[in-house]
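The structure under discussion appears below in the form of structure tokens.
All values below were derived from every heavy atom in this structure, side-chain atoms included, with hydrogens, water molecules and symmetry-related copies excluded. Note that the numbering runs from 1 along the sequence shown for the chain. Whatever order the structure lists ligands and atoms in, that order sets their numbers, starting from 1.
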Amino acid sequence: MASLEGSVFSSVVQAPEDPILGVTVAYNKDPSPVKVNLGVGAYRTEEGKPLVLNVVRRAEQLLVNDLSRVKEYLPITGLADFNKLSAKLIFGSDSPAIQENRVATVQCLSGTGSLRVGGEFLARHYHERTIYIPQPTWGNHTKVFTLAGLSVKTYRYYDPATRGLDFEGLLADLSVAPPGAIVLLHACAHNPTGVDPTLDQYEQIRLLMRSKGLLPFFDSAYQGFASGNLDADAQSVRLFVADGGECLTAQSYAKNMGLYGERVGALSIVCKSADVTVRVESQLKLVIRPMYSNPPIHGASIVATILKDREMYEEWTIELKAMADRIINMRQLLFEALRTRGTPGDWGHIIKQIGMFTFTGLNREQVAFMTKEYHIYMTSDGRISMAGLRSQTVPHLADAIHAAVTQIQ
Ligand code: PGU
């Protein structure tokens, strides 16, 4: 008989907190009234509150009041309407790939789940298991793709000296990648750097990748958040789809519809022909079924309700633009606050960078100092979520940055 004393799990070691989500855990434990959470990329209002979009509330009301709706299982691939509308949103409503039935779209558990399902599909059915991810990138990419069965390598992306794109390095690294290798690209608003290639640079990347048969895998977690315009933020993806070549895209509605906890997203695989697409979709079902069987219904129903109604869609774009504009405004305020303080260094990148984050250039020690002395919570790589900032907290953050750069080298 097994002993009642001592756990069979006693050899399990304590795991570290997640580098991003763990910042919120630490923030929640801090009793300071001046604490600020700039860690997780989650939108907050000017009052510092999480935001449920008005159009999302309206869609939810419609769903709740519709008594014909039931809670049956969705198909393994998710809500059909949601999938069609998601593909249109990212590839464009006039996309030939969609018209020619060359897109297999499956509803997944937000952006993360879409990346994971895409990764597992590639590990099973694609001839080259190496995926190149930008250096740096969202911290979870390495883990998601490694556990999916891919071998992860990096390509140069960010140049700390210029605080801009290391375009030469990027092209050099991709040009020596093995033929057929998978390349992860952020569709827009690169996390954590806020640095995106220009459209011209994307065109050069496309030419190089297509000439070597490298397979693009887009992570689109911020469509609409970069420029405030959904079409503008999808241009990189559309450039690659327009040449008739193949690619994968993982979409998240966490940020742009504020549906973080609903876990709603989509994986689309664009194929060369309609018959390949049908077979690809059949295999995606075999990836999903033993993992979580089928996806949840509520979030996808909200998204489909909004995307298929012209008037609700318009309302969404206005609310989305307001979120993007507030972030851009915070960039301006922080930049000016540092200039007023005469903080050493060139802080122009705060207003140049795109999307939810500023990659400040602050080092690990400076970040630790700001957390200890000023109760500012951010990731140790110096990334600040601008969406967590408000006019009222800008001076406190500027004081903290000023103290960090003048006192800690
Ligand atoms: N891809 C990128 C580039 C992301 O930044 C994020 C979220 C995701 C995918 C995953 O989003 P979901 O749709 O919620 O699965 N990154 C945020 C949120 C916190 C996190 O790490 O998941 C961030 O702060 O980096």
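The closest protein non-hydrogen atom to atom 20 (C) of ligand 1 is W138 NE1, 3.6 Å. S110 OG, 3.3 Å is the protein heavy atom nearest to atom 12 (P) of ligand 1. In this structure, atom 7 (C) of ligand 1 lies nearest to the protein heavy atom K255 NZ, 3.2 Å.
Ligand 1 lies less than 4.0 angstrom from a heavy atom belonging to V40. Residue contacts with ligand 1 include R263, since one of its heavy atoms falls under 4.0 Å from the ligand. The closest approach between H190 and ligand 1 stays at or above 4.0 Å for every heavy atom of the residue.
Shown in contact with G41 at under 4.0 Å from a heavy atom are these atoms of ligand 1, numbered in order with element: 23 (C), 24 (O). For ligand 1, the atoms sitting less than 4.0 Å from at least one non-hydrogen atom of A254 are 13 (O), 14 (O), numbered in the order shown with element in parentheses. Proximity to S252 (heavy-atom distance under 4.0 Å) selects the following atoms of ligand 1: 12 (P), 13 (O).
Checking only distances, H186 never comes within under 3.5 Å of ligand 1, N or O to N or O. Residue G111 has at least one N or O atom closer than 3.5 Å to an N or O atom of ligand 1. For ligand 1, the polar-atom distance check against L21 finds no nitrogen or oxygen pair separated by under 3.5 Å. The N/O atoms of D219, backbone and side chain alike, include one that comes under 3.5 Å of an N/O atom in ligand 1.
With H186 as reference, T137 is the one residue of D196, T193, T137 to meet the side chain to side chain donor-acceptor pair (under 3.5 Å) rule.
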Query - Residues R156, D173; criterion salt bridge (Lys or Arg N to Asp or Glu O under 4.0 Å); working and verdict - result: CA-CA 7 Å; R156 276 172 282 173; D173 288 350; 2.9 Å; yes
**Report entry** Worked verdict on M257 versus W316 for side-chain contact (heavy atoms from CB on, under 4.5 Å)
**Finding:** CA-CA 8 Å; M257 259 191 215; W316 174 43; 3.3 Å; yes
Requested in this report: Kindly determine whether F217 and F145 satisfy ring-ring contact (aromatic ring centres under 6.0 Å, His included), including the steps that lead there.
Outcome: CA-CA 12 Å; F217 193 158; F145 293 125; 5.7 Å; yes
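Within the model, atoms OG of S380 and CD of E365 stand 10.0 Å from one another, a figure rounded to the nearest 0.5 Å.
If you look at Y222 next to ligand 1, the close heavy atoms, those under 4.0 Å, all belong to the side chain. When non-hydrogen atoms are compared, ligand 1 lies under 4.0 Å from neither the backbone nor the side chain of R116. With a 4.0 Å heavy-atom cut-off, ligand 1 is reached by the side chain of R383 but not by its N, CA, C or O. Within the 4.0 Å heavy-atom criterion, the part of I20 lying near ligand 1 is the side chain and not the backbone. Heavy atoms from both the backbone and the side chain of T112 come within less than 4.0 Å of ligand 1.
Between Y202 and F218, the ring planes lie tilted relative to each other; the angle falls in the 30° to 60° range. Ring geometry, F369 versus Y374: the interplanar angle falls from 30° to 60°, so the pair is classed tilted.
Legend: residues meeting side chain to side chain contact (heavy atoms under 4.5 Å, CB included) with R238, ordered by chain and number and at least two apart, are Q223, D231, A234.
Under the 6.0 Å distance and 45° angle rule, K255 does not count as a cation-pi partner of Y260. Under the 6.0 Å distance and 45° angle rule, R383 does not count as a cation-pi partner of F359.
Looking only at atom types and distance, the side chain of E60 has a donor-acceptor partner in the side chain of H298 under 3.5 Å away.
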